[in-house]
Amino acid sequence: MNNFDEERIRDTLQDAANSVSVPSELEERLIASVRTNVDVARVRPRETPDRARRGRRWLLPVLAAAMVAAIAIAVTVMARHHRSAPPTRPSPTPSPLPPVPAGFAAIDASFADVQHGWVLGKVSCPNEKTRACASVIRTGDGGRTWAAVHAPSAYSDNTESYCANAVPPQTCVSRVTFVNDRVGYLWSNTALYVTLDGGSTWTLQSGGSGALYFVATHGVAVRLGYTPSGHGRILVLETAPVGTGEWRRISIPGGGVLDPSFSILAGGPNAIYLLAAPEATLTSTGAITGGGPFAIYRSTNGARTWQKMTEKLPSGLGGSSLFSGQDDSIALRVGPVLPGWGTYISSDGGRTLGPYRRLPSMQSPPVLQVVSADRLLAIGGLTEAKPNGPTGLGTLIYLTTDAGRNWHLVLRDTGAGPYVSTGFASMSDGYRLAGDLRSIWITSDGGETWTRHPFG
Amino acid sequence: MSSDEAFIAFVRTHSRSLFRTAFLLTGAKVAAEDLLQDTLARLYPQWGRVQQADSPIAYVRRSLNNTFVSSLRRQRAHVVTVWELPEGWLGNRAADLADTVADRELIWRLIGSLPARQRAAVVMRHFHGMSDGEIADCLDCRPATVRSLLSRAMASMRTGAARRGGAGGAQEHTP
């Protein structure tokens, strides 16, 4: 078969995988049967003849093993009765975890699950007091207590993905992303460090620069960032197996090159999304021209294949951004359309968009945190009037539980904290860095109420 | 997080994706669930090692493929697997999609007619995008054997398609 046919094989396999319905309660059944070593016949109503035969084959050896174990336990118990009790030895006192460093100022946070979270911050560099160095702290109890973990010898900066002020920029990080309780990344547009042991050791990945957006799901890390080309820098999409430095450039969904001004990557546990205008071309001067209408692309297999989700997106996408949730919900922020910003919400990965919804009035472009298609947070900057002019930065968080029809204020945070660092580890458990840079807000009711926990 | 908690988290995160892979290998939902459960049951006692892997999902997927190939070797004598169509295709008979659906059904059945190792190689290459070396590692053979498996799979599917007059069969004899 030629390549065309191989493409059809790929499409067929992809389509078959997407079209098969997953049995209900598969996860719970697997967990129950594997953990308790219960034969599948007692857990799942259907079984293959082969499995039943295999179960019977194992019956005698299992009974024999059980008898041997019972005899061994009986002998051990009897032996203990004939022996004087050994002197009690004090159990070793666990060494205290290193405290959060003095002067720690939070920049970004990431929770791998409800309990395990990390915060990237900055402290004064030991030998260069005028510069900020990276520092990392972690929690294992949902944000209530925090302790320092090892951080790489890197500078740090708090300008979202950028490390504008660090010299050399190759060793500056401004974002943290943890995939699970062991594998995590410290990254920026110029550097990428990975840990495979929860932050005890970090490795600077070669070719790790260029990430403007970085998501990790489905066993792969995906980044969207700049790379040099003959005509200057172009935006490329790259993937690598999670935890490795085996980055591979992949083709752009829709073809052509990406316009760096309007290409957004977002990721959730189920899918990766790209908002882009396809088929743009790169001119000899390095400019991006042409390009079809904006589209949302979705990949459910770790960026191997992409599906164009929405044929025609609404106009007015100049200030657009894309946010994805814990399920297949996404929100497309558009604007500004006077008097403010708006959003289109989708509950099916972008295939269909809901009606235009006004976002609460903010003094900066609001960041959306999608919990579900009905429940979203809008997070924006707050400027307070002061005698000498508008200063006193803070953050407002509004919540909607009816897909954007109504919004109500749930948190008013003062201080100059980064308002982008908000996330949810489940449909109910979320976090956001506090504006004082020394604490974190935690919610366990989907954003209705928030409790502040200081780092130390 | 304990090894047990990590296992639960892994299953909750990845079992749907792994089930889909298992369905592509077995062509039947019940067999897919059995295969997935067998694989996880084998790995559970050593879940710490799975956690240590560079990519736990890749590790489990590799084990799923291994379990599939070795289980078919055992079952071949007495188990006949019915190659099912995914439910999502059954109601999709609109006239404008008929050709596409028929084409995919044919390719799907051709994949189902392949011997286990060839089918596993096709799924690994064309669904997971794995290299010869990665597939060889999975199937415990040399990369040259993988190329041979894929080549024979393609030839077999080509012949099947030509016999049934679809899926590129008309092009088969083009020099």
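Naming convention: chains lettered A, B, ... in sequence-line order (proteins, then strands); numbering from 1 in each chain. This one's a predicted model, so the numbers in the text were calculated from it and none came from an experiment.
Listed for the B:Lys29 side chain is a donor-acceptor partner under 3.5 Å among the backbone atoms of A:Ser21.
Among residues two or more places apart in sequence or in another chain, the side-chain contact (heavy atoms from CB on, under 4.5 Å) test is passed with A:Glu27 by B:Val11, B:Ser15, B:Arg16.
Here B:Thr21 contributes atom OG1 and A:Asn301 contributes atom CG; the two are 9.5 Å apart, rounded to the nearest 0.5 Å. Note that CG of A:Asp15 is 10.5 Å distant from CD1 of B:Ile107, once rounded to the nearest 0.5 Å. We find the CG-CZ distance between A:Leu13 and B:Phe23 to be 11.0 Å, quoted to the nearest 0.5 Å. B:Tyr44 OH to A:Leu30 CG: the interatomic distance, rounded to the nearest 0.5 Å, is 13.0 Å. For the atom pair B:Gln52 CD and A:Asp197 CG, the distance stands at 9.0 Å (nearest 0.5 Å).
Counting heavy atoms from C-beta on, the side chains of B:Glu5 and A:Asp181 never come closer than 4.5 Å. Residues A:Glu6 and B:Met154 are in side-chain contact: their nearest non-hydrogen atoms beyond the backbone lie under 4.5 Å apart.
Chain A is approached within less than 4.5 Å, heavy atom to heavy atom, by B:His128, B:Gly129 from residues 128-147 of chain B, ordered by number.
The heavy-atom pair separating B:Arg20 from A:Asn18 by the smallest distance is NE-CA, 4.3 Å. Nearest heavy-atom pair, B:Phe19 versus A:Leu26, reported as atom, atom and distance to 0.1 Å: CB-CD2, 3.7 Å. Nearest approach of B:Trp108 to A:Thr12, heavy atoms of both residues: N-CG2, 3.8 Å. For the residue pair B:Phe127 and A:Arg304, the shortest heavy atom distance occurs at O-NE, 3.0 Å. Here the closest non-hydrogen pair linking B:Ile111 and A:Ile9 is CD1-CG2, 4.2 Å.
For a residue to count as touching a neighbouring chain, one of its non-hydrogen atoms must lie under 4.5 Å from one of that chain's; by this rule B:Pro45 does not touch chain A.
Under the side-chain contact (heavy atoms from CB on, under 4.5 Å) test applied with B:His126, the options A:Arg8, A:Arg10, A:Gln14 reduce to a single match, A:Arg10.
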